[in-house]
A.B. asks: 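Below is the structure I would like to discuss, written out as structure tokens.
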2 protein chains.
Amino acid sequence: MELGSNRKSRMISLLRNANVRITDQRIALLSVISEANDHPDVLELQKRAKKICPSISLATVYRTLLSFLESGVVHRNSFEGGGARYEMAKEEHHDHIIDVDTGEVVEFNSDIIENLQFEIASKMGYDVIHHRLDLYCRKVSK
Amino acid sequence: MELGSNRKSRMISLLRNANVRITDQRIALLSVISEANDHPDVLELQKRAKKICPSISLATVYRTLLSFLESGVVHRNSFEGGGARYEMAKEEHHDHIIDVDTGEVVEFNSDIIENLQFEIASKMGYDVIHHRLDLYCRKVSK
DNA sequence: TTGATTGCAAAGTGTTTGCAATGAG
DNA sequence: CTCATTGCAAACACTTTGCAATCAA
């Protein structure tokens, strides 16, 4: 599959900002992540990236994800059961609802909860470095 | 190490309630979990259980933990990095502060956050089955 | 040209499982 | 006696790593 030159150059400038060498593998992987809205796992990411860059190996996916993680471009989620799932890093933090039946992930955020967390931690003598709030849910039957 | 007969019979009655056969391995493991207040991982649990029942194998620890989990006696936490960590199931739900420097875990709870979670999920058409709120923190330097 | 990046295969973790032997009820 | 439970070793799923070949800069 060909990557639109529009999208491709957007990926390249993101990679430039992250200060890493521009390779087809990295362009493909980043493109796939930025296009996804379903928090894919590593195997799924490789599968999708292969459509753009057929040679990309699992090892490269893992290594590249780590580098993206370190440069803050992507975010890693470790939900219960199964491997890590990735998404583009967003401006504001958000939390996740995980559908226990389908594995589907929905994002939400609550400034109130956010603030309460910091308050509680602070009261106990801690600075919050990062945090996660996962709601494992089932769709309400109508 | 010998187990006090007091503690031992308390473990046995817990196991009776859970409807499983009483074995030395199960008594040892349950005793170790109920004594711990540091959310030990599987290897650490085996190490401690071996002091009471030297023959206990890793496989048995894993299998027994699963059975305890299913009968609701213990609770499993999957914090970032490293394997699962266990604790006795408690009456009321609580959340965790994980010290990113030491791995130390502190419990806290907030009814307000709890309620907000249910409200949000409900508004989005979900029932909350279970949930986790982990604050990865650093001690405030004085 | 030169060091970063890649693919491959091997190794590393944490966890589960098949099987024959053991032991609780 | 009988079936649940155990220890062992092998298998598993996910992730990392050593190495020689390749490729971006």
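Chain letters run A, B, ... following the sequence lines, proteins first, then strands; residues in each count from 1.
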A.B. asks: With a 4.0 Å cut-off on heavy atoms, is Leu66(B) in touch with a base, just the backbone sugar-phosphate, or nothing at all?
C.D. replies: nothing
A.B. asks: Thr60(B) has a side chain; which of dG7(D), dT15(C), dG7(C) sits nearest to it?
C.D. replies: dG7(D)
A.B. asks: To the nearest Å, give me how far apart CG (Asp41(B)) and P (dG14(C)) are.
C.D. replies: 8 Å
A.B. asks: Please check the phosphate of dT6(C) (OP1 and OP2 only) for any side-chain N or O of Arg26(A) closer than 4.0 Å.
C.D. replies: yes
A.B. asks: Mind checking whether His131(B) and Tyr136(A) have ring centres under 6.0 Å apart?
C.D. replies: no
A.B. asks: Decide yes or no, distance alone: a donor-acceptor N/O pair under 3.5 angstrom between the base of dG14(C) and the side-chain of Arg76(B).
C.D. replies: no
A.B. asks: Regarding Asp38(B) and Arg48(B), does a basic nitrogen lie under 4.0 Å from an acidic carboxylate oxygen?
C.D. replies: yes
A.B. asks: Would you say CD1 of Ile112(B) has more than 12 non-hydrogen atoms from neighbouring residues, nucleotides or ligands within 6.0 angstrom?
C.D. replies: no
A.B. asks: Among dT17(C), dG7(C), dT6(D), which nucleotide sits nearest the side chain of Ala59(B)?
C.D. replies: dT17(C)
A.B. asks: Can you say whether a donor on the side chain of Arg85(B) sits under 3.5 Å from an acceptor on the base of dG14(C), or the other way round?
C.D. replies: no
A.B. asks: Would you tabulate the nitrogen or oxygen pairs shorter than 3.5 Å linking the protein to nucleotides 23-25 of chain C?
C.D. replies:
unit_1: dG23(C); atom_1: N2; unit_2: Arg21(B); atom_2: NH1; d: 3.4
unit_1: dA24(C); atom_1: N3; unit_2: Arg21(B); atom_2: NH1; d: 3.3
unit_1: dG25(C); atom_1: OP1; unit_2: Ile22(B); atom_2: N; d: 3.2

A.B. asks: Ignoring backbone atoms, establish whether Gln25(A) has a side-chain N or O less than 4.0 Å from OP1 or OP2 of dC23(D).
C.D. replies: no
A.B. asks: Tell me whether Asp24(A) is salt-bridged to Arg26(A), with the criterion being a basic N under 4.0 Å from an acidic carboxylate O.
C.D. replies: no
A.B. asks: Among dT6(D), dC14(D), dG7(C), which nucleotide has an atom closest to any side-chain atom of Tyr62(A)?
C.D. replies: dC14(D)
